[in-house]
Amino acid sequence: MPVLLKELNEAQREAVQYRGGPLLVLAGAGSGKTRVVTYRIAHLLARGEAKPWNILAVTFTNKAAREMKERVWTLLGRSEPELWVSTFHSMCARILRGHAHLVNYPREFSILDQGDQQSLARECCREMNLDTERFPVGLLLQHISNAKQAFLSPQQYRVSWEGDYFKEKVAGLYEKYQQRLKKASAMDFDDLLFWVLTLFLEHPQVLDFYSGRWTHVLVDEFQDTNQIQYRIVKALAEKHRQICAVGDDDQSIYSWRGADPKNILRFDEDFPEVKVIRLEQNYRSTSNIIEAASSLIRQNLMRRGKQLWTANEPGDPVCVYMAEDEREEARFVAAEIRHLVLREGFRPSDFAVFYRTHAQSRALEEEFLDSRILFAIYGAVGFYERREIKDVLAYLRALVYPHDDLSWKRILNVPKRGIGPKTLKAAEALAAREEIPLSKALELAAHELPKKAGLNLREFLRLMENLKEKLQEQGVAGALRGILEQSGYLYELQTSSDPTSGQREENLEELLNIAAEYEAEEGGDPVGFLERVALFTDLDLKDPGEDKVSLMTLHSAKGLEFPVVFLVGLEEGILPHRSSLKDPEALEEERRLCYVGMTRARKKLYLCCAKKRRVWGVFQSLAVSRFLSELPRENLEALMPEPGWPTEGRSHLAGQGSPLKGRWVRHAVFGVGTVIAVEGGGSRLLVHFPGVGEKRFLTEEAPLQWL
DNA sequence: CAGAGACTCGAGGAG
DNA sequence: CGAGTCTCTG
C-alpha cells in the first residue's frame, strides 16, 4: 500500500489517509474522485484499521458500485465479498430483506418500476373517480414521490397540506396507493428508502446493529443525495463519525429527483468537525476542454467555488458545428466518426454522443443505421421496460411472490388464453371480499366459474404449478426457459406477423443470458435475481468489450469518460431545456449539465447545434444556446462558420490555414465529405468522403456542392 | 373475446 | 410524427 500512495497527488493522499473524523472531499470532474474512494477503502483494509464488513460505500449507479468493488479488489489482490459497495437502493433492498417484517412487509416483497407504478396509480385513480384530465397520474405520482423523499407518510402529508385542494387529492391517492402496494407486497423505489429510514427510527436496535458494524461510511456523488438518503447516511454514521463524503457541487444535476446540493452545506452543520479537502487537478482532459468547461461553469453564481486545472496538453480546440437541422447534425456526427475511425485510428467505442432528451436520439439512430456505424443507445426504452421482458419477468414474479397481484394480473391472459376481463373481475371481487391475494382467489374461482372460463383458468393454474416446480428444480434460467416454451409466449412471437417480433425474441434470449450469468455468479435464488433486475438499468448492461458508439442522455453520462465526445442540440429550448428558461436556479442546473457533458471528453470535444429541428413532426427554428457563447473563443474552432453565429466577427473561428479546410461538400456519387487539404496554392482540393476515401479535385471545376 | 382502426397525447431526467 | 389506449365490430 505505501507503494500505491505514490500514485496519488498530495490532496488525494491526504483524503486517503485522513482519519480525524468526518471528511468532505470536493472533487472536480476528472480529478481522481473514484481513485480516492477506492484507495481509501484499500488503505483501511491493508493497514488493518477495518475489516471488510466494517465498511459501507454507497454510490448512485450500479455501474459505479461494480467498478468501485472491482478496483478495490484489484488493489487488494483478492476479492472481498463482505465489503458492502452498493447503490442506495440496493443497500436498502438488502437491509429490508432481513427486517421487512418489522415494517409489516414479507421478506418476499417485490419492487415496482415506473411503468408498474403508473398502472397501479391509474387504477387507484379510477377507483377514486379522480378526474385524470385535471389530475394527470404522472403529476400526482411526482408529488407522492416528493412526499416520500421528504419522509412524509400519507397522514402527515394530508395534515401538512390541509386546505389545499390539489394536495388533498394527492393525499387521497397517496393513501390508497400505499394500501394497494402493501396488499400486493410491493414497494416502489422511494419506498425502499422510506421503509429503511422508518425501520431505523422505529427499531433502534436495527440501526444499532448496522451503525455498529459499519465503522466507516463512504458516500460517492454526495451532491446527488436527497433528504431521505442523507438522513439514512447520517443515521448510519453518527456513531463512529468516520464518514467520507465525496462530491462536486458543479455536477449536481438531479434536483428534480429531490437531490439537494445544500446537503453539502448541511454536512458542515451536522458534522461541525468536518475536514474539507479539494481536488482540483484534472487528469482526464486536454487543457482546451478544461478551460472551455471551466469558463462555462464560472457563469454559475451558486457554487462553492473550485478552480479546476490541468497539466495536460492543450490538444485540439473544442470543435463547434452548426447544422441545418437535426438530420444534418446527425450526418455530421456520423461522418466525423467515420473520418476519425478511418484516418486517425479511433475505434467506435471511443465515441459518445450526448443529448438533453431521449427524443433526440432518433435522428442519430437512423443516420447511424444508414452509415453502418455500430451503436448502443442507453436508457431510451430501457431493456427491462420492454413489454416482452416485463411479461416474462411477471411470470417469474408471480411464481416467487404469490401475493404479487399486479404480476398475476399482467400474465393472466398473456398470451391470450381466454381468460378475459369478466373472469378477472370475478376473481378480483372475490379477492377483495375475502381479503386474499389474487392468486388465491383465482384458485377458488377456477372451481366455481362456468365451463369454459373455469377450464381455461384451471389450465393456467396448472401451468403455473408446473413452472413453480421447474423453478425449484432448475433455478431461474431454467424457469425462464420453461415460461417461454410452456406458456406459449415464444410460440406466439414466432408465429406473429408483427415486424418487431424478431427483435423481441432476441431480447428474451438476452434475458436468458443475463439469468444464466446471474446463476453462475450468485446461484439460482430467484429473489436475488428479481431484485437485481428491478434495480438495474440498461446502463448497467453496457458491455465495455463491445466496440460500439454510445448514445445517451447527459444525465446518464455522469461518471463516464470517452476519448471523443459529441454534445448535440446546443440550442435555446433544448439545452438549456425550455422548462428551465424562466428559472435562474434551473438554468444553472442546465449549465451544470452541459459542464458534465463537456468534462466527459478526454481528447476531443464537439459541440453541435441545429438551426431548425422537428418537434412533434413540425420544424421549429431555435436560437443557438447561450452556453456556446459563454465559451472562450481561444479554445474553440468552428468547423463550418455560419452567418448568425452568436459571437461578433467570426474570422477567429475559421482557424489557421485556408478557410476552405474543414468545409463540407457534397458529391453526386461519393456523398458528403470534408475538405482535408488545400494544395497547389488553392488550385486543388483533397476531400475525404466517409466510407469512400480521399479524392482530389481541381478547385475551379470540382463537381462539388458547398454545404 | 380478439383484432382493427380511430383517437389522443406526448417528449425532461433515473434508481 | 409515433406509441399507447380506447372503442367498435365481427
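What you are looking at is a predicted structure, and each value in this text was computed from that prediction instead of being measured. Within every chain, numbering begins at 1; the chains are lettered A, B, ... in the order of the sequence lines, protein sequences first and strands thereafter.
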Per atom distances to the A:Arg362 side chain, the nearest of B:dG15, C:dG2, B:dA11 is C:dG2
When rounded to whole Å, the CD to P distance for the pair A:Gln251 and B:dA14 reads 16 Å
Counting only side-chain N and O atoms of A:His555, is one of them less than 4.0 Å from OP1 or OP2 of B:dG15?
no
OG (A:Ser580) and NZ (A:Lys582) are apart, to the nearest 0.5 Å, by 11.5 Å
Can you find a side chain N or O atom of A:Ser556 that sits less than 4.0 Å from OP1 or OP2 on B:dA14? yes
In A:Tyr355, A:Trp256, A:Tyr378, the residue satisfying ring pair (Phe, Tyr, Trp, His ring centres under 6.0 Å) with A:His555 is A:Trp256
Can you tell me, in whole Å, how much space there is between the C1' of C:dT5 and that of B:dG12? 23 Å
Short N-O contact, A:Lys33 and A:Glu221, less than 4.0 angstrom: yes
Answer with base, sugar-phosphate or nothing: what part of the nucleic acid does A:Arg356 contact at a heavy-atom distance below 4.0 Å? base
Testing C:dA3, B:dG13, B:dG15 for proximity to the side chain of A:Arg257, the answer is B:dG15
So what does A:Ser579 touch, heavy atoms closer than 4.0 Å: a base, only the sugar-phosphate, or nothing?
base
Separation of B:dC9 atom P from A:Gln118 atom CD, nearest Å, is 15 Å
Per side chain to side chain contact (heavy atoms under 4.5 Å, CB included), A:Met598 is matched among A:Ile297, A:Leu567, A:Leu593 by A:Leu567
Between CH2 of A:Trp616 and C1' of C:dC1 the distance, given in whole Å, is 11 Å
- Going by 5.5 Å between centroids and 30° between planes, is there a stack of A:Trp256 over B:dG13? yes
Applying the 5.5 Å / 30° rule, does A:Phe60 stack onto the base of B:dG15?
no
Quiz question: going by heavy-atom distance under 3.5 Å, is there a donor-acceptor pair between the base of B:dG15 and the side chain of A:Asp190? yes
TODO: Indicate, with a heavy-atom threshold strictly under 4.0 Å, whether A:Arg387 touches base, sugar-phosphate, or nothing.
DONE: nothing
Whole-Å distance, A:Asp325 CG to C:dC1 C1', equals 15 Å
Between A:Glu590 and A:Gly418, the residue closer to the 5' end of DNA chain B by nearest nucleotide is A:Gly418
- Any A:Thr61 side-chain nitrogen or oxygen under 4.0 Å from OP1 or OP2 of B:dG15: no
A:Phe189 atom CZ is separated from B:dA14 atom P, nearest whole Å, by 12 Å
Is the ring centre of A:Tyr384 less than 6.0 Å from the ring centre of A:Phe536? no
In whole angstroms, the gap separating P of B:dG15 from CE of A:Met91 amounts to 16 Å
- Query: When we call it a touch if two heavy atoms are under 4.0 Å apart, what does A:Ile419 touch: a base, just sugar-phosphate, or nothing?
  - Reply: sugar-phosphate
With the side chain defined as heavy atoms from C-beta on, A:Glu589 is closest, among B:dG13, B:dA2, B:dA14, to B:dG13
With a non-hydrogen cut-off below 4.0 angstrom, is A:Asn413 in contact with a base, only sugar-phosphate, or nothing?
sugar-phosphate
Using a 4.0 Å heavy-atom cut-off across all strands, classify A:Tyr254 as base, sugar-phosphate, or nothing. sugar-phosphate
- Task: For A:Ser90, report the nucleic acid contact type (base, sugar-phosphate, nothing); a contact means any heavy atom under 4.0 Å.
- Result: nothing
Discussion item. Could you check whether A:Arg592 makes a cation-pi contact with A:Tyr595, meaning its NZ or CZ is under 6.0 Å from the centre of the six-membered ring and within 45° of the ring axis?
Written reply: no
In whole angstroms, the gap separating C1' of B:dC9 from CZ of A:Arg122 amounts to 12 Å
Between the OG1 atom in A:Thr87 and the NZ atom in A:Lys63, the distance rounded to the nearest 0.5 Å is 14.5 Å
Rounded to whole Å, CD of A:Gln360 lies from C1' of C:dC1 at a distance of 16 Å
Checking B:dG3, B:dG12, B:dG15 against the side chain of A:Thr87 (C-beta onward), the nearest is B:dG15
